[in-house]
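Right, one structure below, let's go through it.
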Amino acid sequence: MIIVGVDGSEAALEAARWAAREAVLHGTSLHVVHAMPAWACDPHDGPYTEVAQWMRDGADSLLEEAVNQALRAEPGVEVTRARLPSDPRPALIRAAKDAELLVVGNHGLGGFRGLLLGSVALGVSGFAPCPVAVVRGPAPSARSHIVLGVDGAESGANAVEFAFAEAERRGVELLVVHGAAEATGPQERCVPAEVIESCKDRHPGTKVIEQSVPGHPVDVLQQASEDAALLVVGSRGRGGFTGLVLGSVSHAVLHHARCPVVVVPARYGD
């Protein structure tokens with residue numbers, strides 16, 4: 001199952017369309033969700049009954065629009081919807097417990113206000129139990145290859161696995177971009193190299209291009225994402241991509257990448 005969080009913004013609707021295409025590509029279903037205050041989520045009697053009903057009606061309306069957009073993008077996708085009774089960050093994290101992928105737009109309003117501008121974005125990307133995809137508008141159809149940003153840290157192994165699987169699923173090339181890391185131990189640096197070689201053996205039909213690019217990780221990844229269909233990174237790392245999802249680099253990559261970004265947690269699949 002793929003989950004997409006929506007809030008009525010155009011960014012969220014684009015995320016719903018993208019998520020629908022991913023669900024069909026993955027051969028799975030799509031679940032569209034919207035977070036709202038728990039007190040308003042279910043019918044009840046009280047001083048704010050009418051306000052709660054208004055909020056539920058609004059949530060149902062935007063969920064319906066997101067579902068319609070998903071079906072327009074992929075008429076054959078199996079899609080369900082739900083209101084989540086909580087603030088966005090904990091709601092999405094809980095909802096993603098059994099998901100293959102959690103999808104959000106690059107910015108939004110309402111329930112996801114500031115989603116990629118503060119603690120909610122970092123919390124979802126850093127703590128969601130599955131990969132998180134951040135969608136940045138519709139990408140030109142000419143884009144094909146996938147970019148994988150690696151830095152030699154063990155925490156990036158799952159990102160490598162994910163990127164290879166996605167490249168094989170799409171039948172496209174995989175561009176592996178190695179950050180220009182500072183001093184790290186040899187054992188720490190060898191883990192991704194071993195994982196990459198192992199993935200090459202298990203995905204022999206996937207063409208892999210490796211590049212070691214000097215420069216600031218934000219600039220390197222932004223440039224690499226220019227013509228990419230997807231940029232894949234780990235949830236945290238050292239060396240060239242230090243703090244990728246826990247600091248300023250994460251904000252910059254999520255804001256300025258030219259394609260959807262997938263953040264893969266270190267413990268995903270354990």
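- The neighbour count for W54 CH2, taken as heavy atoms of other residues, nucleotides or ligands under 6.0 Å away, does not exceed 12.
- Taken to the nearest 0.5 Å, the NZ atom of K97 stands 14.0 Å off from the CG atom of L102.
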Going through the distances and angles, do V177 and V150 end up as a side chain to side chain contact (heavy atoms under 4.5 Å, CB included)? CA-CA 6 Å; V177 180; V150 297; over 6 Å; no
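- The shortest heavy-atom contact between V232 and A159 is CG1-O, 3.6 Å.
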Which pairs would a plain distance check flag for residues 56-64, meaning a side-chain donor or acceptor within less than 3.5 Å of a matching protein atom at least two apart in sequence or in another chain?
{"unit_1": "R56", "atom_1": "NH1", "unit_2": "A40", "atom_2": "O", "d": "3.2"}
{"unit_1": "R56", "atom_1": "NH1", "unit_2": "D42", "atom_2": "O", "d": "3.3"}
{"unit_1": "R56", "atom_1": "NH2", "unit_2": "Q53", "atom_2": "OE1", "d": "2.7"}
{"unit_1": "D57", "atom_1": "OD1", "unit_2": "Q53", "atom_2": "NE2", "d": "2.8"}
{"unit_1": "D60", "atom_1": "OD1", "unit_2": "R83", "atom_2": "NH1", "d": "2.8"}
{"unit_1": "D60", "atom_1": "OD2", "unit_2": "R83", "atom_2": "NH1", "d": "3.1"}

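- Every residue two or more places apart in sequence or in another chain that forms a side-chain contact (heavy atoms from CB on, under 4.5 Å) with E10 is listed here: L13, R17.
- In the displayed structure, E210 atom CD is contacted under 6.0 Å by more than 12 heavy atoms of other residues, nucleotides or ligands.
- Closest approach of V32 to A66, counting heavy atoms only: CG1-CB, 3.8 Å.
- Between atom SG of residue C199 and atom CD of residue E194 there is a gap of 12.0 Å, rounded to the nearest 0.5 Å.
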- Given side chain to side chain contact (heavy atoms under 4.5 Å, CB included), test L175 with L148 step by step and report yes or no. CA-CA 6 Å; L175 172 61; L148 167 65; over 6 Å; no
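- Applying the ring pair (Phe, Tyr, Trp, His ring centres under 6.0 Å) test to H203 and every residue at least two apart in sequence or in another chain returns F164.
- Listed here is the closest heavy atom pair of V103 and A15: CG1-O, 3.8 Å.
- For the residue pair E226 and Q222, no side-chain donor N or O sits within less than 3.5 Å of a side-chain acceptor on the partner.
- Using a 4.0 Å cut-off between charged nitrogen and carboxylate oxygen, E22 and R170 count as a salt-bridge pair.
- Salt-bridge annotation for E173 and K207: present, with a side-chain N of the basic residue lying under 4.0 Å from a carboxylate O of the acidic one.
- Pairing each heavy atom of A229 with each of P260, the nearest pair is O-CD, 3.5 Å.
- Taking a 6.0 Å sphere around NZ of K200, one finds it holds more than 12 heavy atoms contributed by other residues, nucleotides or ligands.
- A salt bridge between R81 and E65 is absent, with no side-chain N of the basic residue lying under 4.0 Å from a carboxylate O of the acidic one.
- With S9 contributing its side chain and A12 its backbone, the two residues share a donor-acceptor pair below 3.5 Å.
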Q. Does the side chain to side chain contact (heavy atoms under 4.5 Å, CB included) test come out yes or no for V4 and V104, once each step is laid out?
A. CA-CA 6 Å; V4 58; V104 294; over 6 Å; no
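- A distance of 12.0 Å separates CG of N158 from SG of C130, quoted to the nearest 0.5 Å.
- Contact detail for S212 and P214: the closest heavy-atom pair is O-CD, 3.8 Å.
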